[in-house]
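Below you will find the structure I want to go over with you.
Please read all numbers here as calculations on a predicted model, not as lab measurements. In the text below, chain A, chain B and the rest are named by the order of the sequence lines, each starting its count at 1.
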There are 2 protein chains.
Amino acid sequence: MATSEQTNAVGSSSRYSGVKPRTIEVALGLFTEYGVDGTTLQMIADELGVTKAAVYHQFRTKDEIVISGAEASLARLEVVLDGADDAADPLDHLLSGLIDLSIDQRRMINLLQNDPVMSRLLGQHERYGQLTQRLFRGLTQNLSRGDSRVPVAIVMAAIGGAVTSPLLDEGDHDELRRGLLDLARRLLGPGELRS
Amino acid sequence: MATSEQTNAVGSSSRYSGVKPRTIEVALGLFTEYGVDGTTLQMIADELGVTKAAVYHQFRTKDEIVISGAEASLARLEVVLDGADDAADPLDHLLSGLIDLSIDQRRMINLLQNDPVMSRLLGQHERYGQLTQRLFRGLTQNLSRGDSRVPVAIVMAAIGGAVTSPLLDEGDHDELRRGLLDLARRLLGPGELRS
DNA sequence: GTCTATAGTGCGATAGAC
DNA sequence: GTCTATCGCACTATAGAC
């Protein structure tokens with residue numbers, strides 16, 4: 001077990017030895033626990049067992065680490081959106097994919113939605129704005145224009161918040177998935193449901 | 001307009017001139033925009049038009065400002081919980097109160113639920129743990145023990161997240177209140193609803 | 001109750017040897 | 001690709017004059 005094990009779970013184009021994705025993985029773990037601002041490069045370096053300078057050899061700034069982590073997550077969302085375009089039931093495909101993604105990457109989702117530093121960086125990120133718009137259009141495709149914002153806000157909040165709820169653990173994920181899907185279909189599906 | 005204007009909107013026992021609640025108000029505004037870690041005492045002082053030393057005359061540490069802000073919010077939650085105990089329909093009273101409170105203090109709610117510094121401080125805060133337990137018991141009073149955690153997590157996430165959604169503004173609050181109340185009644189009320 | 005000034009610390013980031 | 005060492009800066013918090 002020395003030269004193999006090249007997971008490449010984090011999207012990037014160049015062929016690297018695995019230290020860069022490992023750095024991102026460690027950084028995201030710390031970001032989700034302490035926030036981006038609350039995580040120092042010294043903490044990341046310590047967890048990796050190297051010095052700050054070694055981390056700065058992989059990433060030129062702290063912001064670059066944050067963005068690299070976010071982009072891996074956005075790429076997965078893009079796959080779901082692409083798949084929904086061609087699906088028989090686009091809304092249902094989108095909801096299933098979004099919920100599975102959120103449970104699978106639940107710590108990252110919380111970071112994307114709530115961390116102030118992440119929000120600031122993503123606000124300047126072109127692709128993020130495009131994905132947000134595509135997601136909103138996909139979620140509202142069965143609603144009339146006037147009453148779409150509130151149900152979408154509720155569904156997005158429920159998904160993004162419940163997957164990181166301290167009340168739940170891994171054993172609840174199947175039930176959580178069903179509960180969220182049921183809720184989302186009710187609020188965003190065709191038909192009249194609101195009072 | 002020099003000596004009067006004594007709002008006292010923020011709970012504290014001593015009689016102070018209004019600078020202390022004003023400091024908390026300014027601080028909370030900055031905390032919700034930049035996070036607790038991203039807000040410096042210099043920023044708070046600048047917004048108040050004084051120096052850092054003047055702020056430190058009111059609060060001994062930065063943490064004390066954070067906790068003072070949280071306690072004002074927790075006091076309001078406690079009032080809602082107390083009222084629900086004596087209400088004809090305790091669950092409905094609790095839900096209405098919780099949702100109104102969340103919309104009214106929506107920036108604070110987001111801070112309480114998501115800011116890492118706030119979470120760390122509240123974790124050491126005795127009264128917060130008691131209130132969390134009372135809230136959970138109040139929300140699950142109509143559910144059987146086995147299936148309570150997931151619906152509560154979903155309802156709490158939906159309320160706490162939707163009230164700060166960037167998709168909504170003040171004009172949507174009435175519709176949001178109805179949507180959240182409807183959702184919460186469905187998931188937490190008596191009767192069988194899940195698949 | 002506010003100010004100026006500063007102590008002491010830890011941060012992001014860089015230089016240069018190996 | 002990792003190290004030691006350090007720069008410049010911003011931070012929390014304090015001292016002491018007014």
Side-chain angles (χ1 to χ4, degrees), chain A residues 2-3 5-6 8 10 12 14-28 30-31 33-70 115-118 120-121 124, chain B residues 1-8 10 12 14-28 30-31 33-69 115-118 120-121 124:
Chain A
T3 52
E5 187 176 55
Q6 204 153 340
N8 205 13
V10 175
S12 180
S14 60
R15 39 170 142 78
Y16 39 72
S17 59
V19 285
K20 211 164 171 176
R22 172 68 185 146
T23 301
I24 292 176
E25 188 182 315
V26 163
L28 288 181
L30 291 166
F31 288 162
E33 183 165 0
Y34 303 105
V36 174
D37 256 331
T39 301
T40 69
L41 281 156
Q42 189 65 66
M43 291 161 72
I44 298 172
D46 286 349
E47 188 108 343
L48 287 167
V50 295
T51 62
K52 280 192 295 181
V55 177
Y56 271 105
H57 183 77
Q58 305 289 341
F59 299 94
R60 291 166 62 186
T61 64
K62 186 181 175 183
D63 283 358
E64 198 174 301
I65 302 178
V66 178
I67 293 173
S68 296
D115 189 279
V117 177
M118 187 65 91
R120 176 177 56 77
L121 289 175
Q124 306 162 354
Chain B
M1 300 176 195
T3 51
S4 58
E5 188 175 54
Q6 203 154 337
T7 60
N8 205 13
V10 176
S12 180
S14 61
R15 37 171 144 77
Y16 39 73
S17 61
V19 286
K20 211 164 172 176
R22 172 69 185 144
T23 301
I24 292 177
E25 188 181 315
V26 163
L28 287 181
L30 291 166
F31 288 162
E33 183 166 0
Y34 303 105
V36 174
D37 256 331
T39 301
T40 68
L41 281 155
Q42 189 66 65
M43 292 161 72
I44 297 171
D46 286 349
E47 189 108 342
L48 287 167
V50 296
T51 62
K52 282 187 294 179
V55 178
Y56 271 106
H57 182 77
Q58 305 288 341
F59 299 93
R60 291 166 62 186
T61 64
K62 185 181 175 182
D63 282 358
E64 198 174 302
I65 302 178
V66 177
I67 293 174
S68 297
D115 189 279
V117 178
M118 187 66 90
R120 176 177 55 78
L121 288 175
Q124 308 161 354

Problem set entry | Side-chain touch A/Y34/A/M43, heavy atoms, less than 4.5 angstrom | yes
Problem set entry | A/L121, A/L30, A/V66 screened by side-chain contact (heavy atoms from CB on, under 4.5 Å) with A/V36, the one that passes | A/V66
Problem set entry | Distance, nearest 0.5 Å, that separates OG1 of B/T23 from CD of B/E47 | 11.0 Å
Exercise. Hey, are the side chains of B/D115 and B/F31 touching, using non-hydrogen atoms and a 4.5 Å cut-off?
Worked result: no
For this session: Would you kindly give the NE2-to-C1' distance between A/H57 and C/dG16, to the nearest whole Å?
Result: 14 Å
Problem set entry | Which nucleotide in C/dT4, D/dA13, D/dC3 has an atom nearest any side-chain atom of A/A54 | D/dC3
Exercise. If you pin A/M43 and A/R60 to their nearest nucleotides in DNA chain C, which one's is more 5'?
Worked result: A/M43
Exercise. Counting side-chain heavy atoms from CB outward, which of D/dA13, C/dA15, C/dA13 is closest to B/T61?
Worked result: D/dA13
Exercise. What integer distance in Å separates A/Y34:OH from C/dC11:C1'?
Worked result: 17 Å
Seminar exercise, completed: Closest to the side chain of B/Q58, out of C/dG1, D/dT12, D/dT14, is C/dG1
For this session: Could you tell me the separation between the OH atom of B/Y56 and the P atom of C/dC3, rounded to a whole number of Å?
Result: 15 Å
Problem set entry | Side-chain touch A/I65/A/L41, heavy atoms, less than 4.5 angstrom | yes
Problem set entry | Under-4.0 Å side-chain N/O to phosphate OP1/OP2 contact, A/T51 with D/dT2 | no
For this session: Send over the distance from B/D63 CG to D/dT12 C1', rounded to a whole Å.
Result: 10 Å
For this session: Round to a whole Å and report the spacing from CG of A/L48 to P of D/dG1.
Result: 14 Å
Exercise. Which nucleotide sits closest to the side chain of B/A53: C/dC3, D/dA13, C/dT14?
Worked result: C/dC3
For this session: Quickly work out the A/F59 CZ to D/dT2 P distance and round it to whole Å.
Result: 12 Å
For this session: Would you tell me if any nitrogen or oxygen in the side chain of A/T40 comes within less than 4.0 Å of OP1 or OP2 on C/dC11?
Result: yes
Exercise. Could you state the CD-C1' distance from B/Q42 to D/dA10, rounded to the nearest angstrom?
Worked result: 10 Å
Problem set entry | Between D/dT12 (P) and B/I65 (CD1): distance, integer Å | 9 Å
